[in-house]
Structures are given as C-alpha cells and as structure tokens.
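Treat the numbers as computed from the prediction; the structure is a model and nothing was measured.
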Amino acid sequence: MRIDVTEDLLEELRSVVGDRVTASATIRDHHSHGESYHTPAPPDLVTFPHTTEEISAIVRACAVRDVPIVPFGAGTSLEGQVLALRGGVSVDLSQMNKILRVSIDDMDATVQAGVTHRQLAVHLKNTGLTFSVDPGADATIGGMTATGASGTTAVRYGTMRENVRGLTVVLPDGSIITTGGRARKSSAGYDLTRLFVASEGTLGVISEITVRLQPLPEAVAAAVCGFPTIDAAVKTVIATIQLGVPVARIELLDEVQMDAINKYAKLTYEARPTLFFEFHGHSDRDVREHAETVQGLAGENNGSDFSWVTRPEDRARLWRARHDAYFATLALRPGAKAWSTDACVPISRLADCIVESKRDLDESTLTGTLVGHVGDGNFHMLYLVNPDSPEEMAEAQRLNERLVTRAIDMGGTCSGEHGVGIGKMKYLPREHGAAIETMRAIKHALDPKGLMNPGKIL
C-alpha cells in the first residue's frame, strides 16, 4: 500500500534542504530501480541531503507522518534494494561525498556515505594505502556497507563486514547514533556496527563510515590457467587455500564464458574452465614463489598453459578477460538482459554446486555463463533473458531458485555479496530458521512503524 505524501511534508522538506527535494517524474524514475530485473517502483519525492543533520530532519519529518524512507546510493544494487515499494521519500546520499579524514598511521578513513569506491581510490593515491573491497561497479561506500558488499579480493582482505570499523546512523525516529570506533578491537557492548552492515536501509540511514585501509602490496603477480573440468579447477582452489598460499584473487570462468570473451574481445584463450589468480607480496621473490606453488598444484589437477606475469601492463592484459566477462555475456545475445545470480557455499561443496547448476542451465531453454570469486566459495550465473517475455523470466526464476536452495542445502547462503532486497527475501527462512524471528524482533524494536525501506529482507 502506498502512502500519500502531503503538501505540508514537501514544504517541511524544502525548509530543510531547499531545492534539493523534488517530485520530478524523471528523477523519481531514476530512483525507481537498481541494476536488476525487478519491476521499478518510484518514490513520491527525492531528497539530496548534504549532512547527517539534514538526514535526521528528513527522517523525523517522514516519521511523524508515517511516510516510508528509502536510502539510495549509486543505484547499482542487484536485488531490488532501492525500490520504493510503498512510495515515500528517497534519500539520495550521492551529494554527501566528502572524505572527512584519512589517517596513514592508523590505516583508516572516515567518509560520507556518498563517496564512491573510485573516488576514495583516487584520494588515496600516493599514500601507500588502498581500500581493498572492490565490488566491480563504482558503488558508494554507504551502499556497499548497507548491502554487505565484497568482490574479487575478499578471499584475502575480507568483505565490508571485516573492513568497516564504525558508523554514523540516523535511526527511524530521526535520532543519530555512532557505532564502533577507530580502535582495532573492542569487547565493549553489542556489536552494533555489524548489525547495520548488510541491513540494506531497513534499520536506519547510514551517513558516515569509518573503513579500514590496507597497505599497497610491494609486488604483484597475476596468472591464468585452463582446466579440463570445473572439478579440476575447484580442486586447485581448495589445495591453494588449504596450503595457505596468500592469494589475493581467485576467479573462475566457465567454458561458455571463456568462449564469449574470445568472441567479444578477440582473444585466443581455450574455451574451457579457467582460473585467474593474483598474488600480493613484499617482493618479486615472494610472488614468484606463490605463483610457482600454485602452478604445481594446478599441474596435479591437469591444469595446463599456466602463465604468470608481474609487469602492470601484462597483468592488465591478462585480466582483460575477467573484466570483459559481463559485457561478453551480453554480446552472446544482443538485446537481452543479464539476470545475475549470487550464491556462496563452503568450498568443499563448490564443485558440486556449480556442476549441478550448470547442468540445470544446459537443460534449459536459456543461455548463460558462470563467473565466481571461488577462493571464498562465491559464484554467479548470468542468465540471458528477454525481460518482456514472461516465459523466459519464469525460467530464469526457476533456475535461480534451484541454485539458491541447492546452495543453502549444501551449508551455504542465498547471497554472498548481492544482498537480500526483495529478490532473495523468500529464502531467508530456509537459511536462518527460527533466527528469522530474532531478526524481526530487532527490526520491530528499531523501526516499530516499518517505515525504513519497507518490504525488504523480512
């Protein structure tokens, strides 16, 4: 049910943010969707705050009128997190893009929620530090925090949960709290920081984030290797992790994806399951030893054509295949859209989960590819669909459901990094069981009116 937004609310919001509130149909449409297959749902108003205090005033004005609030970052979410299902006010944080503090000694930074991943990376140039979580898209740090994002380097440096030290959050009644801090550890009280990480705007609006930074590696090597089967590739991944090789990235592309990349980028890789590695170390000797160790493990699993490089231009060329994966998949069927799945399982079950999911796709009427951050058991299937075809959308939904339930039954999760939104919501009871009621209790305690991003997660 949508809530009517009254003229007096619009006037009050104008008193807070001036002309940074709008009912423009074009802007509302932009805020009606992310980068996913879900049906758009526009808000009634869009606001562009510049400070935590402005967010607080916006939320208070909405709360007394029972008007929903939907936080919005860069709009790159993949499970419908930014859809305004009940209308209300979209709080667009993109203009809150100040980097408030960087401490080289403490290796941390505090940023406003609208700072993007790329913006922070540019700001950190020449500091010797980097922010390690890279979701691929130029998402905002606030959005990455809200969805619990990760990416290709999570196998070594962790996800947003491990890299967020503290938050400033506006609660559903408009009050402001800070969580966590800059200390490297604390045993004082409940861990509210991680409560809000991956809460997807359902518990409050995240306005500022303190993140952990990492030193830039002194030496980097990248490698690629093909395998006769998915199982052989995954066995190499498991052996690499169990041996403790400090690998920074391990990416798996299936044979269909490799064939698509060859056609798209005019490359000459063999169309077979392929692993891409990146090694970080303190010296060229370190990364050489890591690469040679993995080369030996790959050889034991019938991997071949193992090649590794250290020069930046050579690494960029080698990684080009992985970076082109999404657009290469789209080129397999011009005009189609990609329905991107996301699941994560214990790596001991990874080969089984992937093989069974690929078998489902082979027996389907749809075309698709597989890519995965397999060092931590996370992978994606990209199903190519015509969004105007109910039959194809239903088939993609069927494949997605089989994949997700299979992952949960194997001890995994319905989402390793995309989040829940509306797309994965129905799978949470299967994954969490009775713990869902505890989640509901937390939601009700903080947001008794259910105004914060309603209809998501629970």
Would you call E401 and R398 a salt bridge, taking side-chain N to carboxylate O under 4.0 Å as the test?
-> no
In terms of side-chain heavy atoms, does T210 have a donor or acceptor partner in T110 at a distance below 3.5 Å?
-> yes
Judged by atom type as modelled, is there a donor-acceptor pair below 3.5 Å linking the side chain of R101 to the main-chain atoms of V111?
-> no
Residues that D92 engages under salt bridge (charged side-chain N to carboxylate O under 4.0 Å, His left out), provided they are two or more places apart = none
Close side-chain approach of H373 to D376, heavy-atom, < 4.5 Å | yes
Aromatic plane relationship, H33 with H30 - under 30° parallel, 30 to 60° tilted, over 60° perpendicular = perpendicular
Output, in order, the C-alpha distance, side-chain angles, deciding distance and verdict of side chain to side chain donor-acceptor pair (under 3.5 Å) for T329 and T369.
-> CA-CA 7 Å; T329 298; T369 61; 2.9 Å; yes
Indicate the atoms forming the closest heavy-atom contact of A321 with L253, along with that distance.
-> O-CD2, 4.2 Å
Taking side chain as C-beta onward, heavy atoms only, is V89 less than 4.5 Å from L13?
-> yes
So, the side chain of D447 versus the backbone of M452: is there a donor-acceptor pair under 3.5 Å, distance only?
-> yes
For the side chain to side chain donor-acceptor pair (under 3.5 Å) test, which of K98, Q95, Q112 pairs with H50?
-> Q95
Okay, side chain of Q119, backbone of N97: is any donor-acceptor separation there less than 3.5 Å?
-> yes
Does the T240 side chain pair with the main chain of T236, one donor and one acceptor, at a distance under 3.5 Å?
-> yes
May I ask you to check whether over 12 heavy atoms, not counting those of H323, lie within 6.0 Å of atom NE2?
-> yes
Hey, does the side chain of D44 reach the backbone of G88 with a donor-acceptor pair shorter than 3.5 angstrom?
-> yes
So, are R65 and E12 salt-bridged, with charged N and O less than 4.0 Å apart?
-> yes
Return yes if a side-chain donor-acceptor contact under 3.5 Å exists between S357 and R406, otherwise no.
-> yes
Closest contact, heavy atoms only, G174 versus V59 | N-CG1, 3.7 Å
Listed by chain and number, what are the salt bridge (charged side-chain N to carboxylate O under 4.0 Å, His left out) partners of D173, not counting sequence neighbours?
-> none
Can you find a pair of side-chain heavy atoms, one from M439 and one from H432, that are under 4.5 Å apart?
-> yes
Does G416 offer a backbone N or O that forms a donor-acceptor pair with the side chain of D342 under 3.5 Å?
-> yes
Rounding to 0.5 Å, atoms OG (S199) and CG (L446) come to a distance of 9.5 Å
Can you tell me how far NZ of K125 sits from CG of L120, rounded to the nearest 0.5 angstrom?
-> 12.5 Å
Answer yes or no: is there a donor N or O on one side and an acceptor on the other, between the side chain of S90 and the main chain of F72, under 3.5 Å?
-> no
Steps toward side chain to side chain donor-acceptor pair (under 3.5 Å) verdict (E417, H380) = CA-CA 10 Å; E417 58 186 13; H380 311 277; 2.8 Å; yes
Sidechain-backbone polar pair: D138 side chain, R118 backbone, donor-acceptor under 3.5 Å = yes
Atom of A149, atom of V133 and distance for their closest heavy-atom approach = O-CG1, 3.8 Å
In this structure, are over 12 heavy atoms from other groups packed under 6.0 Å from R402 atom CZ?
-> no
Less than 4.0 Å between a side-chain N and a carboxylate O, is that true for D259 and K263?
-> yes
Is a salt bridge present between E162 and R194, judged by a nitrogen-to-oxygen distance below 4.0 Å?
-> no
Would you say M410 and E356 make side-chain contact, with heavy atoms under 4.5 Å?
-> yes
So do the side chains of L213 and T130 get within less than 4.5 Å of each other, counting heavy atoms only?
-> no
Is the side chain of S77 donor-acceptor paired with the backbone N or O of G80 at a distance under 3.5 Å, no angle test?
-> no
Can you check side chain to side chain donor-acceptor pair (under 3.5 Å) on S150 and T159, steps first, answer last?
-> CA-CA 4 Å; S150 60; T159 71; 6.0 Å; no
Do K456 and E200 meet the salt-bridge criterion of a basic N to acidic O distance under 4.0 Å?
-> no
Hey, are R14 and D19 close enough for a salt bridge, meaning a charged N less than 4.0 Å from a carboxylate O?
-> no
Does any donor atom in the side chain of S364 or E395 lie under 3.5 Å from an acceptor atom in the other side chain?
-> yes
Note: K449-D66 ion pair, threshold 4.0 Å (strictly below) | yes
Any Lys/Arg nitrogen of E79 or K424 sitting under 4.0 Å from an Asp/Glu carboxylate oxygen of the other?
-> yes
Taking atom CZ of R182 as the centre, report whether more than 12 heavy atoms of other residues, nucleotides or ligands fall under 6.0 Å from it.
-> yes
Does any donor atom in the side chain of T193 or T179 lie under 3.5 Å from an acceptor atom in the other side chain?
-> yes
Distance-minimising heavy-atom pair for T202 and K443 | O-NZ, 2.6 Å
Report the C-alpha distance between F227 and R272 in whole Å, list the side-chain angles of each, state the deciding distance to 0.1 Å, and finish with yes or no for side-chain contact (heavy atoms from CB on, under 4.5 Å).
-> CA-CA 6 Å; F227 294 84; R272 55 181 176 167; over 6 Å; no
Rounded to the nearest 0.5 Å, the CZ atom of F48 sits from the CG atom of L93 at a distance of 10.5 Å
Euclidean distance, T116 OG1 relative to I141 CD1, rounded to 0.5 Å | 7.0 Å
Closest non-hydrogen atoms of V67 and L9, given as atom of the first, atom of the second and distance, are CG2-CD2, 3.9 Å
Side chain to side chain, P71 and V205, heavy atoms closer than 4.5 Å = yes
Is the W319 ring parallel, tilted or perpendicular to the F276 ring (thresholds 30°, 60°)?
-> tilted
Indicate yes or no: does E54 engage R20 in a salt bridge with an N to O separation below 4.0 Å.
-> yes
Measure across A265 and D324 and return the closest heavy-atom pair with its distance rounded to 0.1 Å.
-> CB-OD2, 3.5 Å
Heavy-atom side-chain proximity of L275 to E251 below 4.5 angstrom = no
With no hydrogens and no angle check, do the side chains of T152 and R249 hold a donor and an acceptor under 3.5 Å apart?
-> yes
Check ion pair D362-R359 (N to O, under 4.0 angstrom) = no
From CG (D360) to CE (M381), nearest 0.5 Å = 8.0 Å
Min side-chain heavy-atom separation P273-D254 under 4.5 Å | no
Under 3.5 Å side-chain donor-acceptor pair for H280 and Y157 | yes
So OG1 of T274 and CG of L252: to nearest 0.5 Å the spacing works out to 8.0 Å
Neighbour count above 12 (heavy atom, 6.0 Å) for K337 NZ = no
R28 side chain to S24 side chain, donor-acceptor N/O pair below 3.5 angstrom = no
For Y269, does its backbone N or O pair with a side-chain atom of N262 as donor and acceptor, under 3.5 Å?
-> yes
